[in-house]
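Worksheet for the structure shown next.
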Amino acid sequence: MLKKIFFCPLLFTCCFFVSAQSYKKLHFNSIVVDTHNDLLSTAIEKNYLIDEDLSGKTHSDLDRFKKAGVDVQLFSVWCDGLQVNPYAWANREMDTLDAVAKRNPDKIVKVGNPTELLQAVKEKKLAAMFGVEGGHMIENNLDNLNNFYNRGVRYMTLTWNNSTDWATSALDETTKADSLKHKGLTEFGKQVVKRINELGMLVDLSHVGETTFWDAIKITTKPVIVSHSCVYSLCPHRRNLKDDQILAVGKNGGVIHLNFYSGFLDSSFDRRTDLFNNSHKAERDSLLKQNPEPYFADMFLFTKYPEEVKALRPPLSLLIDHLDYIVKLIGVDHVGIGSDYDGVNSLPQQLDDITAMPLITKELLKRGYSKKDIRKILGENFLRIFEANTSK
Ligand SMILES: [Zn+2]
């Protein structure tokens, strides 16, 4: 809960003065969990090795997790719905991390349960797990879900932007509502949720449509994770959660991990980005001819015009506003961090790469959160739902 701050000038100074030493000490002594990072997909796409220094090229790499004070990383396993063999692709991504762990046993270790996680933290190694970002990667086969679990997958996002044959996504429910063959979870979709519960994985409700959300939260027997989403009331984007959904996650005992993407935090970001795109229209159009996926054109232009792009970025305080909102609605036990580093092309001011993570702790102290509550936000809330899902 937020501490009460009285308006005495002396106390005012005390409350808002956060020394570098105090926030860093708290941050690096806490268990910090980030539930969403897309470095694996980025590394494969660009042919990078994640155990090399990728500063200036990516938001994160193996050594920068340590510099960031991140103790536990859920690595996103992702491919879009157009991938011909999504199950094979997912396994290839997992092979990539397994090879990194094999080459760097003193720095990173795969963990599968809370005991192994805590042991890794004790040994000062990055505790790594996978989150499969999109149910299409099981290719409608529950055996594939079992195999994912055996390889270290500890959450599955029921859909990415594409719907599966058994669950509809936020994108499709909001843009193709009339042409959908079904909406929400089918009977097989319910079996998927049941199997995730039985295996001891977490059901991830980021990216899913509202109907899927309500179907899943009604039948899950364990606390859910929302691995990388923000607050709809503050930024009305389909990827964010409405108040009734936030309340339902609180009631379920789950945790909402906040995404750092500017477009999910700042309701005016898209409008300001459109103005930027219009001012570079000719260049953008030619980039789109080379690759019709706007993400790549945006990335190119965002890198080429850093000063203009800097002005598009919201302040770091807006991320904390989203966090405050959830805390006020359902309490401090239900919020965490799911950065989406290496999966987004715009981040709030100051959060340039993963090494900026301690600034979150600094902002939380400035807002008056107690050290106990900050430790919950940074990682203990995730540990609680991880324990609840993995204990038989
Ligand atoms: Zn995502």
Side-chain angles (χ1 to χ4, degrees), residues 33-45 58-60 73-83 86 89-90 93-94 97 129-138 148 153-164 167-175 196 201-210 212-213 216 224-232 235-242 245 249 254-266 269-270 273 293-296 298-299 302 319 322 335-348 351 354 382:
V33 181
D34 178 2
T35 57
H36 201 87
N37 177 302
D38 279 303
L39 180 59
L40 290 182
S41 311
T42 301
I44 289 173
E45 181 203 317
T58 60
H59 295 144
S60 55
Q73 184 64 62
L74 277 293
F75 286 92
S76 170
V77 171
W78 174 84
C79 65
D80 64 25
L82 305 171
Q83 183 63 238
W89 183 269
E93 286 200 19
M94 292 185 225
L97 189 77
M129 292 181 271
F130 297 117
V132 165
E133 190 178 10
H136 56 286
M137 280 173 266
I138 65 167
F148 279 162
V153 173
R154 286 300 177 270
Y155 75 69
M156 186 167 85
T157 321
L158 298 182
T159 72
W160 182 61
N161 288 339
N162 57 311
S163 297
T164 63
T168 42
S169 68
L171 180 66
D172 287 348
E173 282 194 23
T174 51
T175 60
I196 291 175
M201 270 190 204
L202 286 83
V203 175
D204 180 18
L205 297 180
S206 275
H207 278 288
V208 301
E210 281 186 68
T212 302
F213 174 95
V224 297
I225 185 172
V226 180
S227 69
H228 60 305
S229 297
C230 301
V231 174
Y232 189 92
C235 180
H237 191 289
R238 65 172 80 91
R239 282 279 287 100
N240 290 340
L241 294 186
K242 293 181 177 167
Q245 294 177 296
V249 173
V255 181
I256 300 161
H257 295 79
L258 288 168
N259 194 314
F260 296 179
Y261 175 51
S262 302
F264 297 163
L265 294 168
D266 183 349
F269 177 76
D270 284 349
T273 305
E293 177 55 61
Y295 177 83
F296 297 101
D298 291 346
M299 205 54 146
F302 278 28
L319 172 67
H322 280 252
V335 67
I337 294 168
S339 69
D340 218 348
Y341 273 123
D342 284 306
V344 296
N345 54 21
S346 177
L347 292 150
L351 295 184
I354 199 161
F382 172 80

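Both counts, for ligands and for their atoms, begin at 1 and track the order of listing. Keep in mind the model is a prediction, meaning the values are calculated, not measured.
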**Item:** Identity of the N, O or S atom of H228 lying closest to the Zn ion (ligand 1)
**Value:**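 Relative to the Zn ion (ligand 1), the closest nitrogen, oxygen or sulfur of H228 carries the name NE2.
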
**Message:** Among the N/O/S atoms of E133, which is closest to the Zn ion (ligand 1)? Give the atom name.
**Reply:**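 It is OE2, the N, O or S atom of E133 closest to the Zn ion (ligand 1).
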
**Request:** Using a 4.5 Å cut-off on heavy atoms from C-beta on, say whether the side chain of H228 contacts that of S339.
**Result:** no

**Request:** Taking the side chain as every heavy atom from C-beta outward, state whether L74 and H257 have any atom pair closer than 4.5 Å.
**Result:** no

**Asked** Checking T35 side chain against S227 main chain: does a donor-acceptor pair fall under 3.5 Å?
**Response**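 Yes.
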
**Asked** Ignoring hydrogens and geometry, is there a side-chain-to-backbone donor-acceptor pair from T164 to A167 under 3.5 Å?
**Response**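 Side chain of T164 to backbone of A167: a pair is present.
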
**Message:** Below 2.8 Å, can you find an N, O or S atom of H36 next to the Zn ion (ligand 1)?
**Reply:**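 So H36 does not bind the Zn ion (ligand 1) by this criterion.
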
